[in-house]
Protein chains: 2
Amino acid sequence: MSTNSIRRETTVADVAAVAKVSKAQTARALGGYGAVSSDVRSRVLEAAEQLGYRPNMLARSMNTGRSHTIGVVVGDIQNPYFSLAMRAISDTAQPAGYDVLLINTGEDAPAEREAVRVLQDKRVDGFIIAPVLSDDNAHLQAVVDSGRPLVLLDRAVEGLDVDVIATASEQASFEAAQLLLENGHERVAYISTLRTRSNRYEDGFALGSTPVAQRLGGMRRAFKEAGKEFPSSLVRLNAGTDENIRQTVRELLAPPFDATAIMASDSVIALSALEEIANAGLNIPTDLSFVMFDDLPWTRLVTPPLTVVSQPVYELGVAVATALIRRLRGGKAPETTFEAKLINRGSVAAPPTPKP
Amino acid sequence: MSTNSIRRETTVADVAAVAKVSKAQTARALGGYGAVSSDVRSRVLEAAEQLGYRPNMLARSMNTGRSHTIGVVVGDIQNPYFSLAMRAISDTAQPAGYDVLLINTGEDAPAEREAVRVLQDKRVDGFIIAPVLSDDNAHLQAVVDSGRPLVLLDRAVEGLDVDVIATASEQASFEAAQLLLENGHERVAYISTLRTRSNRYEDGFALGSTPVAQRLGGMRRAFKEAGKEFPSSLVRLNAGTDENIRQTVRELLAPPFDATAIMASDSVIALSALEEIANAGLNIPTDLSFVMFDDLPWTRLVTPPLTVVSQPVYELGVAVATALIRRLRGGKAPETTFEAKLINRGSVAAPPTPKP
DNA sequence: ATGAAAGCGCTAACAA
DNA sequence: TTGTTAGCGCTTTCAT
């Protein structure tokens with residue numbers, strides 16, 4: 001017990017009093033800026049130590065204009081894709097002196113707009129956002145206009161000129177579709193959570209340059225090269241809840257769709273889909289072929305091991321944080337390219353009734 | 001293009017000028033406090049709208065002393081346990097008006113201490129911490145002394161009198177061990193990431209009231225009731241990296257340990273262990289029985305489906321956030337109890353050479 | 001209900 | 001190098 005009767009934080013003024021120097025000099029010594037004689041510095045530091053001084057970052061931020069905090073907005077932190085990316089962002093930002101204010105939107109567009117507003121109000125130095133919608137940019141444009149750097153993760157947004165860190169997946173999707181075609185599949189379904197205005201995927205449907213657009217593009221190309229018609233009616237977007245996904249799977253497997261292969265655009269979808277497939281008593285790959293985007297450890301443990309399209313998610317997270325930090329330091333974001341890769345394990349085989 | 005030549009944020013003063021009221025009244029109208037006539041309020045709000053006014057939360061925080069931000073410190077956000085808890089915390093804090101500053105420590109004690117310091121400097125209103133060590137409380141005690149509420153997630157810390165939200169797992173562990181014993185297992189190994197000073201688990205080893213202590217306690221009880229000796233030498237703590245875990249598994253399966261069953265204390269460990277087991281050409285459950293703590297969707301998809309001890313992780317996250325928010329509002333944290341549950345699926349069977 | 005003025009804890013100009 | 005004086009944008013006395 002010593003001098004802590006009334007809980008008041010010690011301030012520069014207190015330290016200054018003990019060190020017997022002006023507040024300004026004290027602040028300079030403590031903040032590590034300006035010119036301070038080593039004599040004064042040591043006296044100040046000692047006094048600070050003795051008083052247990054801790055700087056009030058809010059006050060500091062207020063007049064420097066920098067909070068040393070970056071805002072991260074994702075749809076679902078529970079999704080391994082994002083939690084891994086988050087880990088990478090955190091690992092990268094920390095040593096650079098930035099902390100992370102995380103907002104989860106639950107893949108809800110209004111929530112994302114609100115998140116951006118909150119982060120702006122809290123004066124974060126920069127933003128990393130994995131946007132829910134690819135064609136809704138007003139709030140993001142506002143960020144750009146505010147002069148605070150913004151880097152997009154995973155998907156681009158129409159008409160928004162900012163750095164985007166994403167994985168090129170056209171080629172890997174092409175190869176995945178090709179693999180399915182070679183095995184005799186034509187009724188290939190694709191399920192994604194991507195939020196769009198319309199539910200149906202039509203030819204020429206505007207998906208911008210989202211991963212989904214690339215993936216569907218790759219698949220189309222494979223079908224075209226094979227001289228087959230791409231089954232647009234088997235593309236399902238806006239897959240949200242577990243139940244929603246299961247129902248979609250049931251639908252796709254029944255007439256008139258009769259899918260013989262399913263591609264799940266992320267691991268969350270895959271998990272729901274695989275359970276539903278098991279429930280239906282269907283066996284992979286004999287009854288149905290399956291491809292999942294993202295590679296997770298458990299995909300090697302299931303029977304059969306899953307054929308996947310893997311992305312370097314951790315590296316993506318590092319890159320997005322690095323890009324933002326460069327911008328924050330007034331530089332340009334480094335050019336980085338990431339390519340998805342098809343890993344053929346055991347969940348693709350010929351459909352039960354191969355077409356000629 | 002109108003009035004945005006020099007990028008200066010609009011402030012209460014600006015709004016006051018347009019609304020033709022004093023700065024004080026404007027601030028009151030904008031901040032929703034004090035007494036403001038409806039006439040003034042509407043004029044202020046209109047002016048604010050017109051100028052696109054956004055409050056500077058840093059400034060606001062500086063004199064209210066509340067940042068409406070809570071600090072969350074976890075070991076590994078990539079671990080599904082934490083990312084799910086994080087999701088729950090976020091879902092709970094958001095509607096209550098709190099944002100989340102997340103710091104990942106990589107299960108490193110010094111990093112945790114630093115994290116706490118940073119969060120204190122940033123003046124977060126409260127803390128949610130899943131402590132790395134259970135016997136290192138100086139930095140946490142400092143938080144308590146600062147008067148800012150702290151709630152512990154998952155594990156308690158010796159000598160620290162704060163709310164702890166965790167799962168009671170003694171009974172479920174007892175049942176798990178009992179199940180193994182009934183099946184004829186005596187060489188039961190337990191692998192955990194828990195950081196301790198010593199690597200070996202000895203009788204009476206002080207693990208406080210960590211989940212691991214409870215689990216081992218439950219297992220001991222089962223062995224005792226069965227009149228068997230508990231194989232302390234098969235308990236492995238400090239399991240860190242993937243390679244580390246794999247090596248531990250190899251060791252445990254070989255003489256002189258000859259484990260016939262492995263219990264993995266979380267899903268990350270389980271994943272590494274299962275791969276190593278597969279690499280060794282061992283079959284579950286015929287060659288080896290396996291139990292994992294935490295229930296994840298993929299455990300139902302592997303062959304055989306895994307016998308697990310499940311915890312209500314999302315509920316835990318909600319509870320920890322709720323407790324903190326109650327404290328922040330000056331109340332007491334609600335009493336909540338969570339009980340782990342054994343779910344026997346298919347990864348436990350008799351060992352290859354049953355003892356009499 | 002309103003306004004003037006005094007802070008919050010710090011940094012930034014400006015002199016000395 | 002040092003100290004003095006203004007602020008940052010907001011809230012909060014304290015009068016009126």
Item to check | Nearest non-hydrogen partners of A/Leu119 and A/Val72, listed with the distance | outcome: CD1-N, 4.4 Å
Checklist entry - Quick one, which residues of residues 23-42 of chain B touch DNA chain D with a heavy atom under 4.0 Å? => result B/Lys23, B/Ala24, B/Ala27, B/Arg28, B/Tyr33
Checklist entry - Is the closest side-chain donor-acceptor distance between B/Arg28 and B/Gln25 under 3.5 Å? => result yes
Checklist outcome for this item: Residues pairing under salt bridge (charged side-chain N to carboxylate O under 4.0 Å, His left out) where one sits in residues 10-20 of chain B, two or more places apart or in two chains, turn out to be B/Arg8-B/Asp14
Item to check | side-chain hydrogen bond (donor to acceptor under 3.5 Å, both in side chains) partners of B/Asp39, counting only residues at least two apart | outcome: B/Arg43
Checklist entry - Got a sec, which pairs hit ring pair (Phe, Tyr, Trp, His ring centres under 6.0 Å) with one end in residues 52-111 of chain A, sequence neighbours left out? => result A/His68-A/Tyr98
Item to check | Estimated bend of the helix from C/dA1-D/dT16 to C/dA16-D/dT1 (axis per five terminal pairs, rounded to 10 degrees) | outcome: 40°
Item to check | Heavy-atom contact window of chain B on DNA chain C, given 5' to 3' at under 4.0 Å | outcome: C/dA1 to C/dG9
Item to check | Closest contact, heavy atoms only, A/Ala111 versus A/Thr105 | outcome: CB-O, 3.6 Å
Item to check | Contacts of type side-chain hydrogen bond (donor to acceptor under 3.5 Å, both in side chains), residue A/Glu46, not counting sequence neighbours | outcome: none
Checklist entry - Going by heavy atoms closer than 4.0 Å, what residues in residues 44-60 of chain B are next to DNA chain C? => result none
Next on the checklist: Nearest whole Å is fine: how far is D/dG9 C1' from A/Lys122 NZ?
Outcome noted: 17 Å
Item to check | Qualifying salt bridge (charged side-chain N to carboxylate O under 4.0 Å, His left out) pairs, either residue in residues 49-63 of chain A, two or more places apart | outcome: A/Arg54-B/Asp121
Next on the checklist: List the residues meeting side-chain hydrogen bond (donor to acceptor under 3.5 Å, both in side chains) with A/Thr322, not counting sequence neighbours, and say none if there are none.
Outcome noted: none
Checklist entry - Taking all atoms of both residues into account, what is the closest heavy-atom pair of A/Gly126 and A/Leu324, and its distance? => result C-CD2, 4.0 Å
Checklist entry - Please, which pairs that meet salt bridge (charged side-chain N to carboxylate O under 4.0 Å, His left out) have at least one residue in residues 125-134 of chain A, sequence neighbours excluded? => result A/Arg66-A/Asp125
Checklist entry - Start at the 5' end of DNA chain C and walk down; is the nucleotide closest to B/Arg123 or to B/Ser22 reached first? => result B/Ser22
Item to check | B/Thr69-B/Lys122 side chain donor-acceptor pair, cut-off 3.5 Å | outcome: no
Next on the checklist: Under the salt bridge (charged side-chain N to carboxylate O under 4.0 Å, His left out) definition, can you give me all pairs with a residue in residues 81-96 of chain A, not counting sequence neighbours?
Outcome noted: A/Arg87-A/Asp91, A/Arg87-B/Asp76
Checklist outcome for this item: To the nearest angstrom, the CG-P distance between A/Asp121 and D/dC10 comes to 10 Å
